[in-house]
Amino acid sequence: MPTGIVGEFLALKEETDADLLAMQCGDFYEFFGDDAEFVARELDLKVSQKSSHGSSYPMAGVPLSELTPYVKALVERGYSVAVADQYDTDDGGHAREIVRVVTPGTLLETADADAQFLAAVVRPEDGTGSGGSATDAEYGLAFADVTTGQFLVTAVPDLEAADAELYRFDPVEVLPGPNLRSDDAFLDRLRDGLDAKTTLHGAEAFAPGRARHRLREQFGAETLGSVGLDSQAGIAAAGAVLDYVAETGAGVLGSMTRLQAYRPDDHLDLDATTQRNLELTETMHGGKEGSLLSTLDHTVTSPGGRLLREWLTRPRRERAELTRRGDCVEALASEALARERVKDALDGGYDLERLASRTVGGRADATDLLSVKETLETLPAVAEAVEGSRLVDSPLADVVERPDREAARALHDELDDALAPDPPNTVKQGGMFRVGYDDELDDLIERHDAALEWLDTLAEREKRAHGLSHVSVDRNKTDGYYIQVGKSVADGVPEHYREIKTLKNSKRFVTDELEEREREVLRLEEARGDLEYELFCDLRDRVGDRAELLQDVGRTVAEVDALVSLAAHAAANDWVRPELTEPGPLEVEAGRHPVVERTTEFVPNDLRMDEERGFLIVTGPNMSGKSTYMRQAALITLLAQVGSFVPARSATVGLVDGIYTRVGALDELAQGRSTFMVEMQELSNILHSATEDSLVILDEVGRGTATYDGISIAWAATEYLHNEVRAKTLFATHYHELTALADHLPRVHNVHVAADERDGDVTFLRTVEEGPTDRSYGIHVADLAGVPEPVVSRAGDVLAKLRDEKAIEAKGGTGGAGGSNGAGGTKQAVFDLGSGGFQGAAGTDTAASADGGAVDAGNAGDTTDADADDGPAASALDPGTEAVLEELRGTNVNELSPLELMARVQEWQGELDGA
Ligand code: ADP
Ligand code: MG
């Protein structure tokens, strides 16, 4: 083990779990050994060698003042960096200790406007995994943004729901609880799906007792009860987050002023896949451009942008809140002039929540406090724009009334009295305060100014007193203040001048008095710097104490910004305010897709779904617009539950409790985003989670497998959703066969996207009409693609034959309208392809598989047969087993000895095992 500096470095490294350690050595922070080489590679630093007791170690360093950008760059690449500072010991030496660990979730210096969540996820002791079988199993989740002080906690019933919350918040760092650390699938999803750093924080921090204690300490004893946080797992997660923030030494606990506990059912259930499918914050290809958020985001402040993102990813269920937002948007949308005025007022503001955190963390400088002051000015300006217009009659007036405006004004005035108009961005050199702020400081400044004035005018006085030309007084680091005299006149200087330096064309002198004044200036400068620093820290603490007020003002400004953005988009794109019903139909007249309409000449479409018409099967050729039509329905519902206007001529939206989407479309499969297994897991999740009040979008589900499998699954899922779940459902399918379900299941209706076919050309009309498509377009596409004529025409024959034979027949569900819930009234329609041949078709296997093969390369043989009638099973055995049976039949027991028999039985067993 090396000793000396390198030894100290390695010993400190033992103490921390951080990936890298930066250790202060005098005026530098140094990295040693592997860390040095790694950092040098990542950040393009120079590596030198440090020799220590005969060995040599790589070393890379950055000056003290430049540590922050380097640490930030490393952390943004997903590494954690421990920072060890140097301090003086009593015996006059130096020692070092780790003062902070900077991690992706505790980085305060971020320049990114997005929220930066640190999350903890806790599974209870008896967690039974993702099956959801244990009804009371709860997962606790906590989300903290140290840069804004936001702190949210919740508990959800199962792992899928936990995933959905994680996806919504998109944390940069996750602390899995002790029971989740061995769950590889969960950890993989964190890494791949979220791109988050996973940190294993000490298990004891998750212990319920300790976590509860932490929360009480932070938020006060009553908080847990008053915010309704009663979940053990939620408490454990929240406590662990606080513990971690404290331990990493970010110093921002003070900005976490509020614990917000929420119940997942306050918000629309949007699982991770649905959030991705609907391209809420990023597209399927991963870019932000083209997402719903980037389309709608016209905010002018970064807190406004963050809030809009939060609204879109966490739509609401309660009508009251949606009505309130809708009233604001409506008022702003119809008052263009006032809206512009509000927007102008918002524009000058900075990120007040972030500034509050920096202030509490002791990292704000005078320019930051000046930004606080200027942003506090936006609130009265916004309020004035609201109150001086018709907006005053909308709930927007309440929004701007919410923060304590009196207190905000007082804080503003305090800062205004204190800070100089253009303060330096250092905190120790003076120049931060206005005259009149502090008497002692004013006195110092006056004396300082007088001393400077004496120095400034010295050259003039010396010229006059001693008749010298070419005299100047100046100052530099090595010589201090000096009188510089041109060489030509240097011989004429008075006695009391002492020469200190000769230059090419001049000489430098000092005098006793000059030295005395110099000492005074330096003394005053230092005293002024010290006093200003002290005053500044006091001021910063006082502002930090009002973090909650700053956050209130910041969130108000953010909310106004987000509302203005929604209104501006609605006004510019002809959107309407949806009528909300609860529960109720979904009726859209001339609806559009909010993103596609921006780039395409969009053909508007109607949509009607209600009690009698709860399940729409959407057919139409490839590329006709099925997926777009269904996503449009989902997005219009979602936007209505954000409080936004929607892209339509008119819309009535029945509030839903969740939106579920599944895409099995080929384009998805081709991108490797969906395997059949994933598709089925997702389908299973919908069938478990959706309720009568949900909206379900199924896009070509079942496509990832052979035709018969696919049809069977689609068929059965339709029946289940129709009869049992009763969710509003839109199902796009290329299985034309499914359209027959409308004849058998009362709430199922067919619609199709119209296409015009003439002379072998398909023109997409993009309009959605009642009824199924009149033909299957698959064969048509084969024709267009140049498949030889005999094959195309034979495919047509086969298809006709299959249809004639009524290959698929729905059973049940034909009884009276609607009443599938009545006792005994529920008849599941049965789709019987299970035995490998069509019901009613010629009884041989060959007929079915030959026909199947002609329609689709599908393989009838690997069909699942859950519902199959029990047919004769003789031929179902594999050849190996058959052979054993054959031998058994042919064995004469009386001819063989017991030993021979035993040997033979053993052989058979071996063969059967191998079969
Ligand atoms: P499908 O799911 O039927 O294969 P898509 O919904 O993927 O078809 O749509 C195919 C293309 O048609 C997309 O590029 C889309 O932008 C465009 N499109 C869909 N609906 C409309 C519409 N109503 N008006 C204009 N273009 C549309
Ligand atoms: Mg599609």
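Nothing fancy with the numbering, it's 1 onward along the sequence. Start at 1 and go down the list; that is how both ligands and their atoms are numbered.
The number of heavy atoms from other shown groups lying within 6.0 Å of CD (Glu611) does not exceed 12.
No donor-acceptor pair under 3.5 Å is formed between the side chain of His722 and the backbone N or O of Gly614.
Annotation: Tyr629 places no N or O atom under 3.5 Å from an N or O atom of ligand 1; distance criterion only. On a distance-only criterion, Val596 and ligand 1 share no N/O pair closer than 3.5 Å. In terms of polar-atom proximity, defined here as any N/O pair under 3.5 Å, Met623 does make such a contact with ligand 1.
The existence of a salt bridge linking Lys288 and Asp297 is excluded, since no basic side-chain nitrogen approaches an acidic carboxylate oxygen closer than 4.0 Å. Under a 4.0 Å N-O distance rule, the pair Glu587/Arg608 does not qualify as a salt bridge. Between Glu335 and Arg339, no side-chain nitrogen of the basic residue sits less than 4.0 Å from a carboxylate oxygen of the acidic one, so the salt-bridge criterion is not met. Ionic pairing of Arg168 and Asp271 is not present here: no N-O contact between side-chain nitrogen and carboxylate oxygen is shorter than 4.0 angstrom.
Taking every heavy atom of Gly625 and a limit of under 4.0 angstrom, the matching atoms of ligand 1 come to 1 (P), 3 (O), 5 (P), 6 (O), 8 (O), 9 (O), 19 (C), 20 (N). Those atoms of ligand 1 with a heavy atom of Asn622 less than 4.0 angstrom away are 4 (O).
Ring planes of His569 and Trp575: perpendicular class, angle over 60° (limits at 30 and 60°).
The shortest separation from a heavy atom of Pro621 to ligand 1 is under 4.0 Å, placing the residue in contact. Residue contacts with ligand 1 include Glu601, since one or more of its heavy atoms lies under 4.0 Å from the ligand. Put simply, no part of Gly620 is less than 4.0 Å from ligand 1, judged by heavy atoms.
Residue contact annotation: Ser627 places an N/O/S atom under 2.8 Å from the Mg ion (ligand 2).
Distances from atom 19 (C) of ligand 1 to the heavy atoms of Asn605, Thr628, Asp699, Val618 show the closest one on Thr628.
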